[in-house]
Amino acid sequence: MSKKRISSIRNIGIIAHIDAGKTTVTERILYYTGRSHKMGEVHDGEAVMDWMPDEQERGITITSAVTTCNWKGSEIHIIDTPGHVDFTIEVERSLRVLDGAIGVFCAVGGVEPQSETVWRQADKYHVPKIAFVNKLDRVGSDFFGAVKMIQKRLGAAPVLLQIPVGLEDTFQGVIDLIRMEQLIWHDETLGATFDTGPISDDMLDTAHTYRDKLIEAIAEHDDAVMETYLADEPLSADILLSALRKLTIELKVVPVVCGSALRNKGIQPLLDAIVQFLPNPLEVRPAEGHEPKTGKTIRCTCSDEDPLAALAFKVMMDQGRKLTYVRIYSGRLKTGDEVFNPGKNTKEKIARIMAMHANKRERVKEAGTGNIVGVVGLKATTTGDTLCDPARPILLERIDIYEPVISVAVEPKSHDDQEKIDQALEKLTIEDPTFRFHQDEETGQTIISGMGELHLDVLVNRLKREFYTQVNVGKPQVVYRETIEQSAEATVTFEREIGGQHHFGQVALSLAPTERGSGDRFVNRISDDTIPPEFIPAIEMGVTESMAAGVILGYPIVDVEVSLVGGGHKESLSSNIAYKVAASMACKDAFQKGNPILMEPIMTVEILVPENFLGDVIGDLNARGGKIEGIVPRKNIQVIDAMVPLSRMFGYSTSLRSATQGRGTFTMKFSHFDRTPNRT
């Protein structure tokens with residue numbers, strides 16, 4: 001019974017660039033599966049999945065929302081993820097726990113920058129995908145152009161299961177290339193019903209051409225289909241569907257369906273594709289972790305009868321209570337259970353388990369393997385932590401966290417607000433691993449850091465709206481990094497009496513710059529008789545702490561290899577604290593000698609502008625110190641790819657709107673840190 005239940009589950013995410021139509025697709029899915037009885041529209045601020053006030057006001061998804069619906073005997077858990085680059089962590093932690101994904105692409109824009117980012121994130125976690133080309137009713141829509149971009153930009157192998165009947169204002173439905181039939185939706189029933197019939201004469205040749213391409217794409221990977229095809233024997237829909245399912249799960253092909261979610265066309269076949277092609281928890285690679293003490297690899301068997309192994313992938317503060325989203329990889333989770341968090345080495349109590357529907361929830365007594373649920377009662381657990389059976393500890397792979405690139409100073413407006421602000425910020429950091437805050441020792445200001453202007457704007461709004469904390473906000477500040485341009489060495493001897501005890505430690509360090517983006521490294525190059533091995537961890541700790549703040553403006557030091565090349569010790573006088581202090585001082589001294597430089601975040605920017613505004617936009621980019629990487633024509637617009645320092649991009653959306661009469665759009669994401677001009 002357990003396997004039968006698990007095989008009916010689909011854990012999927014909807015991923016795409018901002019404004020490709022993810023939330024609209026999700027709303028239609030909920031309506032046609034009977035999960036909701038009214039279609040919420042993003043532009044009206046009524047979408048079920050965009051429940052946060054900021055989401056409703058801005059018309060964008062900010063936080064990933066979880067819901068469950070049923071379709072033809074399958075239980076589908078859906079996570080609707082944000083499309084804006086500032087909220088990439090929401091996509092990252094969702095894809096970490098999903099078994100399949102739907103990439104939604106706008107038929108006009110095709111593969112846009114954030115589409116590429118989220119697709120690569122899905123590839124990183126080996127998530128099978130299907131593509132839904134949306135907005136075929138829009139002026140300028142180009143279905144086949146979008147498919148070519150999926151192939152070219154994403155390196156995917158798209159396999160067309162449908163082609164559209166009409167485009168733009170004549171778009172009516174789709175042709176199913178597997179069953180060779182035409183589907184036309186009824187507007188009067190809000191797309192709930194559609195006619196299935198023979199393909200119209202004017203589309204028949206095109207349909208046969210693309211069906212042959214579909215079969216050839218499958219035959220390339222499937223010998224049985226190849227033999228049948230070469231023998232000119234008929235291939236049934238069941239054979240093709242079975243072969244496609246296998247190839248999709250093996251990440252060899254990406255099935256492509258199409259429609260217009262806003263016009264209620266194409267959603268039911270998309271639901272069929274989710275059930276037919278995306279894997280259940282039994283069909284994906286088993287989750288792996290390691291035994292905390294021995295490091296031995298453990299593979300989670302996807303079964304209710306096995307010991308519990310679950311991953312906490314998202315934390316939310318809800319009316320003062322902590323709600324933790326959990327994906328169960330094996331075993332069962334029951335209300336009242338005591339579970340073990342090996343990362344924090346603590347035991348946690350499961351107070352309540354919730355089946356989630358956006359911000360609504362339903363209490364359940366237990367949840368089994370494959371389920372995604374909300375849990376109340378976990379105190380120490382944060383994003384990326386493992387929950388397991390105390391009798392069989394396992395530590396699952398953590399979730400990658402992105403470093404903030406932009407900061408602003410916030411000041412409370414009153415003394416009462418000062419008391420509330422630290423508590424509110426602490427709660428926001430529990431929810432969002434990409435959000436940080438600290439007190440500036442020189443100014444006494446509270447500095448908050450995040451992934452972009454929009455990210456920080458949303459967080460400040462939440463401070464005011466959810467925590468009733470009134471704050472003044474300073475201008476955005478770039479988060480810089482420091483590094484060195486040349487190798488340098490320093491030797492420091494620390495010898496002092498502390499608390500009546502003599503401490504001695506001598507450390508010689510060599511610092512060398514490494515490749516941009518390679519990070520920091522500590523290398524021990526001395527023999528055991530130079531400094532006893534038990535003091536090496538203290539030296540490394542001193543180096544690590546020293547590199548947290550550079551010598552120019554106190555920003556973290558990056559891309560430096562620190563080598564321990566010498567030192568000395570005195571029997572019975574040497575101590576951990578002496579070596580730690582000596583290492584910290586030596587690191588600072590060598591950094592000063594290594595020609596330290598400041599580095600700023602450089603952003604990859606993609607700008608879509610009508611051709612007649614191209615010159616003005618390029619001139620503005622040059623004035624901002626941008627470097628044009630390429631200009632590509634796409635239908636009636638020009639696509640500019642550029643690298644621009646983040647410090648020069650503040651307020652760019654206003655400048656672009658002014659220069660293009662409101663018709664230009666842009667997206668940007670962090671690329672790398674590079675030397676700041678005219679500053680050392």
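Note that this is a predicted model, so its numbers are computed, not measured.
- Scanning for ring pair (Phe, Tyr, Trp, His ring centres under 6.0 Å) contacts around F105 gives W119, with sequence neighbours left out.
- Each of S74, P279, P281 was scored for a side chain to side chain contact (heavy atoms under 4.5 Å, CB included) with I9, with one residue passing: P281.
- A donor-acceptor contact closer than 3.5 angstrom is absent between the side chains of S8 and E75.
- Side-chain contact check for K129 versus D123: some heavy-atom pair is nearer than 4.5 Å.
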Name the atoms and distances for all side-chain donor-acceptor pairs under 3.5 Å in residues 178-186, with sequence neighbours left out.
unit_1: R179; atom_1: NH1; unit_2: D176; atom_2: OD2; d: 3.1
unit_1: Q182; atom_1: OE1; unit_2: S200; atom_2: N; d: 3.1
unit_1: Q182; atom_1: OE1; unit_2: S200; atom_2: OG; d: 3.3
unit_1: W185; atom_1: NE1; unit_2: Q268; atom_2: OE1; d: 3.0
unit_1: H186; atom_1: ND1; unit_2: T193; atom_2: OG1; d: 2.8
unit_1: H186; atom_1: NE2; unit_2: D195; atom_2: OD1; d: 3.1
unit_1: H186; atom_1: NE2; unit_2: D195; atom_2: OD2; d: 2.9

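- Residues L160 and F144 have side chains in contact (heavy-atom distance under 4.5 Å, counting atoms from C-beta outward).
- In summary, of the residues considered (V97, L98, T68), a side chain to side chain contact (heavy atoms under 4.5 Å, CB included) with H77 occurs for T68 alone.
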Show which side-chain atoms of residues 237-256 pair as donor or acceptor with protein atoms under 3.5 Å away, not counting sequence neighbours.
unit_1: R245; atom_1: NE; unit_2: E283; atom_2: OE2; d: 3.3
unit_1: R245; atom_1: NH1; unit_2: V275; atom_2: O; d: 3.2
unit_1: R245; atom_1: NH1; unit_2: Q276; atom_2: O; d: 2.8
unit_1: R245; atom_1: NH1; unit_2: L278; atom_2: O; d: 3.3
unit_1: R245; atom_1: NH2; unit_2: E283; atom_2: OE1; d: 2.4
unit_1: R245; atom_1: NH2; unit_2: E283; atom_2: OE2; d: 3.2
unit_1: K246; atom_1: NZ; unit_2: E250; atom_2: OE2; d: 3.2
unit_1: T248; atom_1: OG1; unit_2: L244; atom_2: O; d: 2.7
unit_1: E250; atom_1: OE1; unit_2: K252; atom_2: NZ; d: 3.3

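- Ion pairing between E220 and K213 fails under the 4.0 Å rule for side-chain N and carboxylate O.
- For R153 (side chain) and V111 (main-chain N/O), a donor-acceptor pair under 3.5 Å exists by modelled atom type.
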Steps toward salt bridge (Lys or Arg N to Asp or Glu O under 4.0 Å) verdict (D99, R327): CA-CA 11 Å; D99 301 326; R327 161 72 195 264; 3.1 Å; yes
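- Each of D187, D169, D137 was evaluated against R263; a single residue qualifies, D137, per the salt bridge (Lys or Arg N to Asp or Glu O under 4.0 Å) test.
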